[in-house]
Student: 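Structure incoming, see below.
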2 protein chains.
Amino acid sequence: MLKYQLIANDIEKYIVTHELQQGDKLPVLETLMSQFAVSKSTIIKSLDLLERKGIVYQVRGSGIFVRRHRRKGYISLLSNQGFKKDLEEFQLASEVLMLDTIKPSEEAALNLNIEQEEDVFYLKRIRYINGQTLCLEESYYRKTIIPYLNTEIAADSVFKFISEALGLKVGFSDMYLQVGKLNKTEAAHLGLKQDDPALRVETVFHLTNGQPFDFSKITYNYMQSQFFIQANNYYG
Amino acid sequence: MLKYQLIANDIEKYIVTHELQQGDKLPVLETLMSQFAVSKSTIIKSLDLLERKGIVYQVRGSGIFVRRHRRKGYISLLSNQGFKKDLEEFQLASEVLMLDTIKPSEEAALNLNIEQEEDVFYLKRIRYINGQTLCLEESYYRKTIIPYLNTEIAADSVFKFISEALGLKVGFSDMYLQVGKLNKTEAAHLGLKQDDPALRVETVFHLTNGQPFDFSKITYNYMQSQFFIQANNYYG
DNA sequence: GAGTGGTCTAGACCACGAA
DNA sequence: TCGTGGTCTAGACCACTCC
């Protein structure tokens, strides 16, 4: 692991274990430099990483401060799948409804940027949070990239398997959100009523080399859907 | 403006004007270095910025590639308010329902991290997109930070005013999303029916120095709510 | 003006991808 | 093996904040 990542992890742990709150000041750059015995650029790189993760903010001429939102019970939309693992505060479980090798739908092929002849894994499952239905999920994984899957993996975490067992790295994703009404079968799966509100999220996941490998369509139970996004303004 | 920002802008313009598509390769680092006559670190910093903005992705040992999603008609959730200005593809307008100086509600004071005695601007408006109702918005601005507002500004863009006229810089924001059902008055404002689906987004906006200055509550018309988020995986 | 974060450089060396 | 992007350094200089 790289120096700046290790340092970032150390600082993050420090913030968590010392229960620092929003606005608390971290040591100045020079202190951090000598403490970790690295150059200024490296420390700055660590802090930039933490800034992108939404853990600190840096103010020129003033200092480095902790960023920490106060609300509990919100799921981070960007840490939801693949990214991050701090969902430990929630009890997550999955029920696999179907796992099969198929030819993708036109929609899935389009989003994965592949031919309809190429084999994909189709996975359909219900995910539970704290004993309640959280969402209904349909995913399409390219078999050329993820050659193996089984229901045990699908019931646990496909992304964990992809990164730990296959050694693949998730790079970026495009997410499309829409709000609508549940149809009859969705409602039945989620334990809700037809025409109840539904949050639908379609995501195309890419590896670090830019290859799309997973297209997923999720319909969330609106009763359990409290999401959180930390945004940074890079556009100034 | 800084070198790395200027270079980033140049590269972004190049991508747009040459209509480069997802996966198209940019010149190699060395070429860019000599072309812009700067050091390697500066070019890398420019490209990192473009990566965070979701415009390129970099693959070690391979090259720098354009990132561009294909779907049209989606509003970027992170460029929505304050951030970015590429909503030009949409026709936006606002109708101001109320603009007044008040003492904040307990909820607003809590989110802005101020006392309930402190004066705030309360702004309520309906926003339209391509002639349709997009959302109903309630915002609370700290008067100590934004001392002046009028209905002309509110009908145009408060964030534009804040940055251009007041010279303030927006740093980061915390967004909370929830899905629910419209109540009667919301439905009336949006031209929908009671109990129709609603996407509610609460956002706390901070200046670059960490001060919260705006708390806003938005209820979106589900018929017009197609959102897009570009995510990067910093958690690997 | 002192303190603090940010930019920029030149160059050595490292790590990954593709052929 | 070579091309290419990434890390890391030491140090000069700049820009903002706060007293």
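Predicted model, so just to flag it, every value in this text is computed and none were measured. To find a chain, count down the sequence lines: A is the first, B the second, and so on, and within it residues start at 1. All values below were derived from every heavy atom in this structure, side-chain atoms included, with hydrogens, water molecules and symmetry-related copies excluded.
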Student: Can you pull the salt bridge (charged side-chain N to carboxylate O under 4.0 Å, His left out) pairs that have at least one residue in residues 144-162 of chain A, sequence neighbours excluded?
Tutor: A/D156-A/K160
Student: Is any side-chain nitrogen or oxygen of B/Y4 closer than 4.0 Å to OP1 or OP2 of C/dC8?
Tutor: no
Student: Within the structure, does a side-chain N or O atom of B/K3 lie under 4.0 Å from either OP1 or OP2 of C/dT9?
Tutor: yes
Student: Report the residues that fulfil ring-ring contact (aromatic ring centres under 6.0 Å, His included) with A/F65, sequence neighbours left out, ordered by chain and then residue number.
Tutor: A/Y57
Student: Let me know the distance between CG of B/L47 and C1' of C/dC8, rounded to the nearest Å.
Tutor: 16 Å
Student: Supply the atom-to-atom distance B/L32 CG to B/I43 CD1, rounded to the nearest 0.5 angstrom.
Tutor: 5.0 Å
Student: Can you identify which nucleotide, out of D/dG5, C/dG17, C/dG5, has its nearest atom closest to the A/I64 side chain?
Tutor: C/dG5
Student: For the pair made of CG in B/L207 and P in D/dC16, what is the distance, rounded to whole Å?
Tutor: 15 Å
Student: Hey, is the side chain of B/S62 poking within less than 4.0 Å of OP1 or OP2 on C/dC16, counting only N and O atoms?
Tutor: no
Student: Determine all donor-acceptor pairs shorter than 3.5 Å in which one atom belongs to a side chain in residues 106-116 of chain A; sequence neighbours excluded.
Tutor:
from	atom 1	to	atom 2	distance (Å)
A/E107	OE1	A/K217	NZ	3.1
A/E107	OE2	A/K217	NZ	3.3
A/N111	OD1	B/R71	NH2	3.0
A/N111	ND2	A/E107	O	2.9
A/Q116	NE2	A/P104	O	3.1

Student: In this structure, which one of B/Q22, B/R68, B/H69, B/R67 forms a side chain to side chain donor-acceptor pair (under 3.5 Å) with A/D174?
Tutor: B/R67
Student: Tell me, please, which residues at least two apart from B/Y140 pass ring-ring contact (aromatic ring centres under 6.0 Å, His included).
Tutor: B/Y122
Student: Using C1' atoms of five pairs at each end, report the bend of the helix from C/dG1-D/dC18 to C/dA18-D/dT1 rounded to 10 degrees.
Tutor: 30°
Student: Could you give the CG-to-P distance, from A/L29 to D/dT17, as a whole number of Å?
Tutor: 16 Å
Student: Could you name each residue pair satisfying salt bridge (charged side-chain N to carboxylate O under 4.0 Å, His left out) that touches residues 16-36 of chain A, not counting sequence neighbours?
Tutor: none
Student: Among C/dT9, D/dT17, C/dT7, which nucleotide sits nearest the side chain of B/L2?
Tutor: C/dT7
Student: Would you list the pairs meeting ring pair (Phe, Tyr, Trp, His ring centres under 6.0 Å) in which at least one residue belongs to residues 17-53 of chain A, sequence neighbours left out?
Tutor: A/Y14-A/H18
Student: Taking all non-hydrogen atoms of both residues, which atom of B/L20 and which atom of B/L26 are closest, and how far apart?
Tutor: CD1-CD2, 3.9 Å
Student: Mind calculating the distance between CG (B/L6) and P (C/dG6) to the nearest angstrom?
Tutor: 19 Å
Student: Between C/dG6 atom C1' and A/Y234 atom OH, what is the distance in whole Å?
Tutor: 16 Å
Student: What is the distance from CG of A/N209 to C1' of D/dG5, rounded to the nearest Å?
Tutor: 14 Å
Student: Could you list the protein-to-nucleotides 10-14 of chain D atom pairs, N/O on both sides, closer than 3.5 Å?
Tutor:
from	atom 1	to	atom 2	distance (Å)
D/dA10	N6	A/S41	OG	3.3

Student: Can you sort out the partners of B/R200 under side chain to side chain donor-acceptor pair (under 3.5 Å), two or more places apart, ordered by chain and number?
Tutor: B/E186
Student: Please state how far atom CG in B/D48 lies from atom C1' in D/dT7, giving the value in whole angstrom units.
Tutor: 12 Å
Student: Using whole Å, report how far CD of B/Q58 lies from C1' of C/dG17.
Tutor: 15 Å
Student: Taking for each residue the nucleotide of DNA chain D bearing the nearest heavy atom, is the 5' side occupied by A/A37 or by B/V59?
Tutor: B/V59
Student: Name the closest nucleotide to the A/K45 side chain, picking from C/dT7, D/dT7, D/dT4.
Tutor: D/dT7
